[in-house]
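Below you'll find the structure, written out as structure tokens, and then a few comments.
Note that this is a predicted model, so its numbers are computed, not measured.
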Amino acid sequence: MLSASLPDFPWDLLEPAKAVAAAHPDGIVDLSVGTPVDPVPASIRAALAAASDAPGYPQTAGTPALRAAITGWLARSCAVSGAPSVLPTIGSKELVAWLPTLLGVRPGDVVVIPQVCYPTYEVGVRLAGAEVVRSDSLTALGPDPRVKLVWINSPSNPTGKVLPREHLRKVVSWARERGATVVSDECYMSLGWDETPVSVLSDEVCDGDYTGVIAVHSLSKRSNLAGYRAGFVAGDPRIVAELLAVRKHAGMIVPAPVQAAMIAALDDETHVAEQRARYAARRETLRAALTGAGFTIEHSTAGLYLWSTRGEECWKTVDWLAERGILAAPGAFYGPAAAQHVRIALTATDERVAAAAARLKA
């Protein structure tokens, strides 16, 4: 069974702590998963509804209007002056999970993922039957010719760390010298706080040459579209063409109404600024409450989480928070190097964030 090769599903392991937190007299404050709770903007819902009479099959490649909207957004928001190829995806998680397989990574190949990272990177490598190497250092990898894919993530989930431009340039150069592909997960690009994230596709990083480089983006967080499953990949035309060719055969198609909604979302930054303001306020409330309760917050200069520690084993911290009706994600979900951290999401209503802060202060 293929599932036997995969790790335990992380969120199932959190159920006991969730039950404890749910028993709090004032109810649970769930700061674990990071799922949006604020409304989908009206203009996006209107675009979805207007396109709902869609009896025919949609285009796997995306409509010309959607591809133009993605390209325009990359130019405006990611300082991309060239013409990378683009392809809509059914959210970003399915792409992350299947990308090694879709790109022909096989048993005996190596895929490099960050030391602390989104669990689905490792899941995707295991689905392909390849070997996972966790490393943030290119020099530590050595001249291994088996490396086929290098994942980077900035802003990071879960740490909120931002990779500087020079580091990104070095990763791209290193991979090109070895014929490996760089995949940059940029799903939190719109949520820079103390630092401004840089896209791997920006002119500052790749000088308009997208060879061997692709970036993964999502509208889940910036536009509250997690329920729509709306994402895209952009970059090297050869790689994107290969993804399109395989995905056409596999029926990996974004529904036509969602494609229309994506255009509305990408063409409007007003709703993004409004959502950023909500998250900024919640971030400050939680940051003050956590530090006041003795937590240390590391990195967290961008993204949707506060990477926090009490200097103890992460499950002990999860239990401490659960006793106060607060559910957090243990660092162990994200790699062995994160065994003393928890991830605190900003995705709860203002009322629930205020409740969490009050409990931490108490």
Side-chain angles (χ1 to χ4, degrees), residues 1-14 32-36 87-106 109-136 148-161 163 181-189 191 200 214-222 225-235 239 243 246-247 250 252 254 303-305 307 314 329-338 341-343 345 347:
M1 302 291 285
L2 181 59
S3 62
S5 69
L6 303 178
D8 292 331
F9 187 63
W11 304 108
D12 291 345
L13 303 177
L14 201 57
S32 61
V33 177
T35 186
L87 178 66
T89 60
I90 311 163
S92 59
K93 185 172 184 176
E94 65 89 356
L95 181 72
V96 171
W98 291 110
L99 189 64
T101 298
L102 295 175
L103 292 182
V105 172
R106 295 292 180 261
D109 293 337
V110 167
V111 176
V112 180
I113 66 176
Q115 285 275 8
V116 178
C117 65
Y118 184 44
T120 310
Y121 300 154
E122 180 176 357
V123 168
V125 182
R126 291 198 187 191
L127 287 171
E131 179 183 340
V132 173
V133 172
R134 288 180 179 268
S135 180
D136 296 326
K148 303 300 180 186
L149 210 65
V150 178
W151 275 102
I152 54 177
N153 178 206
S154 177
S156 166
N157 171 17
T159 70
K161 182 178 181 180
L163 297 176
T181 298
V182 174
V183 188
S184 180
D185 178 350
E186 301 178 355
C187 290
Y188 298 86
M189 183 65 62
L191 294 169
V200 75
I214 56 174
V216 178
H217 285 268
S218 167
L219 277 66
S220 293
K221 306 304 193 295
R222 72 183 292 279
L225 295 188
Y228 283 45
R229 310 314 301 133
F232 63 88
V233 61
I239 295 173
L243 291 174
V246 177
R247 291 171 72 85
M252 292 174 162
V254 177
L304 205 52
Y305 311 102
W307 189 234
C314 62
F333 284 3
Y334 306 99
H341 288 77
V342 293
R343 193 191 75 170
T347 49

Excluding sequence neighbours, so at least two apart, what forms side chain to side chain contact (heavy atoms under 4.5 Å, CB included) with V125?
V111, A130, V132
Considering all heavy atoms of both residues, which atom of V200 and which atom of A215 are nearest to each other, and what is their separation?
CG1-CB, 4.1 Å
What's the spacing between I214 CD1 and E186 CD if we round to 0.5 Å?
10.5 Å
How close do P330 and V342 get, heavy atom to heavy atom, and via which atoms?
CA-CG1, 4.3 Å
Could you walk me through whether V96 and Y118 pass the side chain to side chain contact (heavy atoms under 4.5 Å, CB included) test, one step at a time?
CA-CA 10 Å; V96 171; Y118 184 44; 4.3 Å; yes
What pairs with P36 under side chain to side chain contact (heavy atoms under 4.5 Å, CB included), at least two apart in sequence or on another chain?
K221, N224, A226, Y279
V246: what forms a side chain to side chain contact (heavy atoms under 4.5 Å, CB included) with it, not counting sequence neighbours?
L102, E242
What class does the angle between the rings of W11 and F333 fall in, given that below 30° is parallel, 30 to 60° is tilted and above 60° is perpendicular?
perpendicular
For residues G34 and T347, report the shortest heavy-atom separation together with the two atoms involved.
CA-OG1, 3.0 Å
Taken in chain and number order and not counting sequence neighbours, the residues that satisfy side chain to side chain contact (heavy atoms under 4.5 Å, CB included) with P100 are V105, A128, L149
Is a donor on one side and an acceptor on the other found under 3.5 Å between the side chain of E94 and the backbone of T89?
no
All pairs passing salt bridge (charged side-chain N to carboxylate O under 4.0 Å, His left out) where residues 113-123 contributes a residue, at least two apart
E122-R126, E122-R134
Value for CG (L191) from OH (Y305), rounded to nearest 0.5 Å, stands at 9.5 Å
NZ (K93) and OG1 (T120) are apart, to the nearest 0.5 Å, by 4.5 Å
Under the criterion side chain to side chain contact (heavy atoms under 4.5 Å, CB included), I'd like the reasoning laid out for W98 against M252: C-alpha separation, chi angles, the key distance, then a yes or no.
CA-CA 11 Å; W98 291 110; M252 292 174 162; 4.2 Å; yes
Rounded to the nearest 0.5 Å, how far does CZ of R247 lie from CG of L95?
6.0 Å
Specify the closest pair of heavy atoms between G331 and W307, including all atoms of both residues, with the distance to one decimal.
CA-CH2, 3.8 Å
Give, for atom CG of L99 and atom OG of S92, the distance between the pair rounded to the nearest 0.5 Å.
11.5 Å
Note, P119 side chain near Y334 side chain (heavy atom, < 4.5 Å):
yes
Ring geometry between Y121 and W151 (parallel below 30°, tilted from 30 to 60°, perpendicular above 60°):
parallel
Using distance only, find each side-chain donor-acceptor pair of residues 152-160 under 3.5 Å and give its atom names and separation, not counting sequence neighbours.
| unit_1 | atom_1 | unit_2 | atom_2 | d |
| --- | --- | --- | --- | --- |
| N153 | OD1 | N157 | N | 2.8 |
| N153 | ND2 | P155 | O | 3.0 |
| N153 | ND2 | D185 | O | 2.8 |
| S154 | OG | L163 | N | 2.8 |
| S156 | OG | T159 | N | 3.3 |
| S156 | OG | T159 | OG1 | 3.0 |
| N157 | OD1 | R343 | NH1 | 2.8 |
| T159 | OG1 | K161 | N | 3.2 |

